[in-house]
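Numbers here are sequence positions counted from 1. All values below come from the heavy atoms of this structure, side chains included, with hydrogens, waters and symmetry mates left out.
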Amino acid sequence: LAAGAVSSQAMAASVLGGNAVVASDGNVIAKFISQAAGYDNELYLDSPSNSLGRIFHNHLNSPGDTVDLGFFTAGTELIFRLYVVNTGQNFYTGPGSRNPDGIPHAIVNDSFAPGETSVGFEDLYGGGDRDYDDTVFSFTNVKARVVPLPAAAWMGMTLLGGLGVIGRARSRKS
């Protein structure tokens, strides 16, 4: 049952705290989509190592601006960082454990547009209003991937599920 839950999540179009993964060998093109932030935000590609520097600035770039991020092999996780100039905070794609407040700050949507995957960021510590539209970008040749739970979490979920079944069986006997 747990494995079935994972496979259905892997098919999800929008993944809060999901990874941005290169779909096939080739170049990845970044496009600035929109921003609804009062703060100044800058987008960087933190991993894999590169010499790109700032990719976009939400108040200096215009919707539709593009940058070729270069060639990547299929399966490479691209970790993007949103630097909030006004607060000095950094927020990352992927799980909340990468962020200073432990909360996911990016949603990855691979049904954004044909051939494009969007990444929308929340730029306030503590999660802000959690609308993930403070700064939005799209990428070609990228897909969303669910962050796998650590083995200990799966074991804990399995144990709790088993205890629930035992508890229901005992209550029926009473």
Residue pair V28 / V22, side-chain heavy-atom distance below 4.5 Å: yes

Hey, is the main chain of F91 close enough, under 3.5 Å, to the side chain of R98 for a donor-acceptor pair? no

Nearest 0.5 angstrom please: D134 CG to Q35 CD, how far? 8.5 Å

Are V142 and V67 grouped together when hydrophobic residues (ILVMFWY) are joined by side-chain heavy atoms under 4.5 angstrom apart? yes

With a 4.5 Å limit on heavy-atom distance, are the side chains of E122 and D131 in contact? yes

Hey, what's the ring geometry for F56 with F137, parallel, tilted or perpendicular (30° and 60° as the breaks)? parallel

No-hydrogen, no-angle side-chain donor-acceptor test under 3.5 Å, D68 and T66: no

Rounded to the nearest 0.5 angstrom, the NE2-CG distance for H59 and D40 is 5.5 Å

Taking H57's backbone N and O only, do any of them form a donor-acceptor pair with N61's side chain (distance below 3.5 Å, no angle check)? yes

Donor-acceptor pair, N19 side chain versus V21 backbone, under 3.5 Å? no

Work out which heavy atom in D101 is nearest to a heavy atom in G126; give both atom names and the distance. OD2-N, 2.6 Å

Around atom OH of Y39, are there more than 12 heavy atoms of other residues, nucleotides or ligands at under 6.0 Å? no

Does the pair Y44 and F80 meet the rule for a ring pair (Phe, Tyr, Trp, His ring centres under 6.0 Å), with working shown? CA-CA 6 Å; Y44 294 86; F80 293 99; over 10 Å; no

If I take atom CG from residue L45 and atom OG from residue S49, how far apart are they, to the nearest 0.5 angstrom? 9.0 Å

Determine whether K31 and D65 make a side-chain contact, defined as any pair of heavy atoms from C-beta on separated by less than 4.5 Å. no

Testing the basics here: between S138 and F112, what is the closest heavy-atom pair and its distance to 0.1 Å? CB-CE2, 3.9 Å

Can you measure from CD1 (I107) to CG (L16) and round to the nearest 0.5 angstrom? 5.5 Å

With rounding to the nearest 0.5 Å, note down the distance linking CZ in F139 to CD in E116. 10.5 Å

Smallest heavy-atom separation, I55 atom then L69 atom, equals CD1-CD2, 3.7 Å

Hey, quick one: are L78 and L43 part of the same hydrophobic cluster, counting side-chain heavy atoms closer than 4.5 Å, chains of contacts allowed? yes

Which atom pair, heavy atoms only, marks the closest approach of A74 to A23? CB-O, 3.7 Å

Closest heavy-atom contact between P48 and F72? CG-CE2, 3.7 Å

For the hydrophobic clusters of this structure (ILVMFWY residues joined by side-chain heavy atoms under 4.5 Å, transitively), does one cluster hold both Y132 and L82? no

Establish whether F121 and F32 are linked, either directly or via other cluster members, by ILVMFWY side-chain heavy-atom contacts under 4.5 Å. yes

Which heavy atom of G18 sits nearest a heavy atom of V108, and at what distance? O-CG2, 3.6 Å

Do the side-chain N and O atoms of H105 and N99 include a donor-acceptor pair separated by under 3.5 angstrom? no

Rounding to 0.5 Å, atoms CG (N41) and CZ (R81) come to a distance of 12.0 Å

What I'd like to find out is whether the side chain of Q89 reaches to under 4.5 Å of the side chain of P100, using heavy atoms alone. yes

Between N27 and N141, is a side chain to side chain contact (heavy atoms under 4.5 Å, CB included) present by the stated rule, with each step listed? CA-CA 7 Å; N27 283 39; N141 195 22; over 6 Å; no

Please tell me whether D110 and T117 have a donor and an acceptor in their side chains that are separated by less than 3.5 angstrom. no

